[in-house]
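Reckoned from all heavy atoms, side chains included, excluding hydrogens, waters and symmetry mates. Below, chains carry the letters A, B, ... as their sequence lines are ordered, and counting in each starts from 1.
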2 protein chains.
Amino acid sequence: MTLEQAKQQFIQTWGNFGTQWGINRSMAQVHALLLVSDQSKCTEDIMTELSISRGNANMNLRELMNWNLIYKETVPGDRKEYFRAEKDMWEVAKRITKERKRREIEPLQQHLTELKKVEQSYDSIAFVATIENIERLVNRLDGLSNTLMKADEHIFFGKILNLLK
Amino acid sequence: MTLEQAKQQFIQTWGNFGTQWGINRSMAQVHALLLVSDQSKCTEDIMTELSISRGNANMNLRELMNWNLIYKETVPGDRKEYFRAEKDMWEVAKRITKERKRREIEPLQQHLTELKKVEQSYDSIAFVATIENIERLVNRLDGLSNTLMKADEHIFFGKILNLLK
DNA sequence: CAATATTTTCAATAATAATTGAAAGTTGTG
DNA sequence: CACAACTTTCAATTATTATTGAAAATATTG
């Protein structure tokens, strides 16, 4: 397998896994392309190399910036914007965690809190108990994300993986 | 908010979060419905209560069984199959973890191992290093899932959440 | 500030994924 | 074993999501 083939393969694979996680294929592929590229790339490069449209490239680059997974770079004497990916995968994990906490865990916590305001009755007891079980789990996932975001990789995994030894 | 409204709200909310995670809305809703229902329910009940077709209900019930999140139950004197959800949310978390490990982490590990077989060259060094960084993270997530699946909730979260105190 | 390069937007279109429902298959019953 | 009850399948349809590309907006240069 040549380097070029391997990179293509990786982009393909990353794209497929992305879709399984509710991330659109193009966004995952743009991310993958930048992860395995030494030089930063401009929109034009990305359009060409992934055979996607300008609009698509632009939109997903912007979204990757929102997730803090890529940076803009400027090249002296060139007007275009160039993009580079964060390569430290522990950083990547932390940033994804931070964003998912904000977009998913926190809204879910809000919804669950609301649901507990159901009017009390004999039948509502079991319902509230179920919601509270879900809430407990979600709160713990939240605690886990907070810990992960603060910890360094070594401490985080080191301690966890020793849990049951 | 009446109990009925709260249950409907929960089903709605669970469905929406599901779609964000690459789980189809109906499957998440069927799961939600069974989570908040005291009695086990047959296909007909589910079709009616969620206003979905027989095929849809059947397919998603089967998929929830594959994930080990619901059980079949039989009612004496009734031919129909009834379904009940696992209500222990720590169990639910463990089972989802187990399944995601099998469906996502393990195949990804395989792919990454393959990619390292790229032919060596000056340029491939950086590529392999990036793949190895990704691999390290994925392996640790794998270790984390293994630990979670074996641990009980109290031990698992107790120790983690004390990490940085 | 006009000319040009570049980025952004967004309505239209295409691709993908979910859903339906009727037909085929299966299982249990008298 | 014929019938009825129930479950499963799957081609067709519908709904959702992603993508395109041209036009509008913005930024940069001389």
Trainee: B:I52 has an atom CD1; how far is it from atom P of D:dT14, in whole Å?
Mentor: 19 Å

Trainee: Want to settle it: does B:E44 or A:N56 sit nearer the 5' end of DNA chain D, counting the closest nucleotide to each?
Mentor: B:E44

Trainee: Would you indicate which nucleotide in D:dC6, D:dT7, C:dT8 comes nearest to any side-chain atom of A:R54?
Mentor: C:dT8

Trainee: Between B:R95 and B:E91, does at least one N-O distance fall below 4.0 Å, as a salt bridge requires?
Mentor: yes

Trainee: For A:R25 and for A:R79, locate the closest nucleotide of DNA chain D by heavy-atom distance; then report the residue assigned to the nucleotide nearer the 5' terminus.
Mentor: A:R25

Trainee: So which nucleotide from D:dT7, C:dT19, C:dT8 ends up closest to the side chain of A:N58?
Mentor: C:dT8

Trainee: What is the separation between atom CG on A:N60 and atom C1' on D:dT19, rounded to the nearest whole Å?
Mentor: 10 Å

Trainee: Whether A:K98 and A:E106 form a salt bridge (side-chain N of Lys/Arg under 4.0 Å from carboxylate O of Asp/Glu) is what I want to check.
Mentor: no

Trainee: Determine, using ring centers only, whether B:W21 and B:F17 are less than 6.0 Å apart.
Mentor: no

Trainee: When you get a sec, tell me which of D:dC6, D:dT19, C:dT8 is the closest nucleotide to the side chain of A:K72?
Mentor: C:dT8

Trainee: Contact class for B:S51 (heavy atom, under 4.0 Å): base, sugar-phosphate, or nothing?
Mentor: sugar-phosphate

Trainee: Within the structure shown, what part of the strands sits under 4.0 Å from A:S26 by heavy-atom distance: base, sugar-phosphate, or nothing?
Mentor: sugar-phosphate

Trainee: Taking C-beta and beyond as the side chain, do A:M89 and B:V138 meet within less than 4.5 Å on heavy atoms?
Mentor: no

